[in-house]
Asker: 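Once you've had a glance at the structure underneath, I'll fire off some questions.
So that the names make sense, note that chain A is the first sequence line, chain B the second, and so on, each numbered from 1. This is a predicted model, so every value here is computed, not measured.
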Protein chains: 2
Amino acid sequence: MPTPHYGQPRYRLIADQLRERIESGVILPGSLLPAESVLTAEFRASRGTIRQAIAVLREARFVATEHGRGTYANPRPHEWGSEKYSEPEATQREVSANVELAALFGIDVGVTLIEQESVIRRDGSVETVVRTYWHPQSGR
Amino acid sequence: MPTPHYGQPRYRLIADQLRERIESGVILPGSLLPAESVLTAEFRASRGTIRQAIAVLREARFVATEHGRGTYANPRPHEWGSEKYSEPEATQREVSANVELAALFGIDVGVTLIEQESVIRRDGSVETVVRTYWHPQSGR
DNA sequence: AGAAATTTGTCCGTATGTATC
DNA sequence: AGATACATACGGACAAATTTC
């Protein structure tokens with residue numbers, strides 16, 4: 001099969017079906033999802049596609065994966081909002097140089113700098129935050 | 001996003017940023033680079049573009065890739081006294097999470113985080129400041 | 001205690017289709 | 001037309017963590 005993604009890509013369709021099983025209780029909260037190898041057989045999709053589908057659910061906190069163990073269906077303690085809570089991972093904004101940054105860059109306090117903040121997640125929770133500062137003029 | 005490669009193609013720009021992180025010590029020599037999947041998320045680029053960027057660095061011996069393991073940043077006996085870059089200045093210290101960081105990590109305000117600050121100079125003056133935050137427990 | 005099997009993590013190479021410069 | 005880039009998808013292989021025998 002080539003790569004026909006009519007409307008919805010396959011990994012989203014698979015993710016939807018898995019999500020439905022969790023919400024309906026077919027897969028109980030706290031229990032393991034079928035292994036990737038099982039899912040590839042069941043959905044007749046490549047492992048990469050299955051992993052992409054699971055990644056979608058992980059992003060939405062529906063599941064959590066552990067290396068060597070498997071992927072667990074999450075209990076649902078928080079309905080805080082709905083599924084709307086997926087923020088951008090990288091944001092850029094202008095900031096005003098404080099004393100420390102001004103000293104580092106050798107500029108005056110208050111001068112505008114660009115700050116890019118990248119949030120790196122692992123199994124839903126934030127693992128690393130990277131903030132990069134540079135001077136607008138120096139390009140990038 | 002479309003394909004606006006102003007002058008430089010995207011994969012070279014990404015390669016440059018990764019190279020900077022290695023030379024500046026943000027990515028320590030001998031340590032693993034973020035996985036392809038992480039880099040695609042961080043740079044918002046497709047896997048092909050990320051792989052192209054890494055291929056550039058591999059070509060220049062800046063990194064070495066091991067099948068199934070990852071891509072390592074190479075120690076650099078290379079042109080250490082280059083005109084463009086001076087000694088990497090990376091300092092690590094413990095900081096207390098303020099409101100923003102606490103919200104990002106999902107922790108309480110005041111919890112200690114590790115901050116690594118790297119200063120990248122070019123031709124003497126500070127070009128970029130990178131601050132990386134992570135939780136002591138979650139390894140590095 | 002140790003070996004084997006299981007499972008996820010990562011990289012490799014390739015392919016198709018679309019879109020932009 | 002060609003290079004660049006994106007999104008999607010396949011199959012294979014090796015690595016690492018965990019579980020099972």
Asker: Taking CG from L39(B) and C1' from dC6(D), how many angstroms apart are they, rounded to a whole number?
Answerer: 17 Å
Asker: For Q52(A) and dT8(D), what is the distance between atoms CD and C1' respectively, to the nearest whole Å?
Answerer: 7 Å
Asker: Name the residue closer to the 5' end of DNA chain D, choosing between R44(A) and A45(B) according to the nucleotide with the nearest heavy atom.
Answerer: A45(B)
Asker: Without decimals, in angstroms, what is the distance between E36(A) CD and dG12(D) P?
Answerer: 16 Å
Asker: With a 3.5 Å cut-off and just heavy-atom distances, do the side chain of R47(A) and the base of dG9(C) make a donor-acceptor pair?
Answerer: yes
Asker: Can you see if the side chain of T49(A) gets near the phosphate of dC10(D) - specifically, an N or O under 4.0 Å from OP1 or OP2?
Answerer: yes
Asker: If you take atom types as modelled and just measure distance, does the side chain of H67(B) reach the base of dC14(D) with a donor-acceptor pair under 3.5 Å?
Answerer: no
Asker: Taking only N and O in the side chain of R51(A), is any of them less than 4.0 Å away from OP1 or OP2 of dT7(C)?
Answerer: no
Asker: Counting side-chain heavy atoms from CB outward, which of dG9(C), dT7(C), dT10(C) is closest to A35(B)?
Answerer: dT10(C)
Asker: Give a yes or no on this: more than 12 heavy atoms of other residues, nucleotides or ligands lie within 6.0 Å of atom CD of Q17(A).
Answerer: yes
Asker: Under 4.0 Å between a side-chain N/O of Y11(A) and OP1 or OP2 of dT8(D), yes or no?
Answerer: yes
Asker: Should E100(A) and R131(B) count as an ion pair when the cut-off is N to O under 4.0 Å?
Answerer: yes
Asker: Between C1' on dA9(D) and CZ on R10(A), what's the gap in Å once rounded to a whole number?
Answerer: 9 Å
Asker: I need the CD-P distance between Q8(A) and dA9(D), as an integer number of Å.
Answerer: 10 Å
Asker: Applying a 4.0 Å non-hydrogen cut-off, can you work out what G48(A) is touching in the nucleic acid: base, sugar-phosphate, or nothing?
Answerer: nothing
Asker: On DNA chain D, check which nucleotide each of R69(A) and S46(B) is closest to and give me the residue with the more 5' one.
Answerer: S46(B)
Asker: Which pairs would a plain distance check flag for residues 49-56 of chain B, meaning a side-chain donor or acceptor within less than 3.5 Å of a matching protein atom at least two apart in sequence or in another chain?
Answerer:
| unit_1 | atom_1 | unit_2 | atom_2 | d |
| --- | --- | --- | --- | --- |
| T49(B) | OG1 | S46(B) | OG | 3.2 |
| R51(B) | NH1 | E36(B) | OE2 | 2.8 |

Asker: Report yes or no: does R21(B) contribute a side-chain atom to a donor-acceptor pair with the main-chain N or O of D16(B) at less than 3.5 Å?
Answerer: no
Asker: Output the rounded distance in Å from CZ (F43(B)) to C1' (dC6(D)).
Answerer: 17 Å
Asker: Would you mind reading off the distance between L32(A) atom CG and dT6(C) atom C1', rounded to a whole angstrom?
Answerer: 12 Å
Asker: Could you check whether any side-chain N or O of D108(B) sits under 3.5 Å from a backbone N or O of V111(B), counting only pairs where one atom can act as donor and the other as acceptor?
Answerer: no
Asker: Categorize R12(A) for me: base, sugar-phosphate, or nothing, with a 4.0 angstrom heavy-atom threshold over every strand shown.
Answerer: nothing
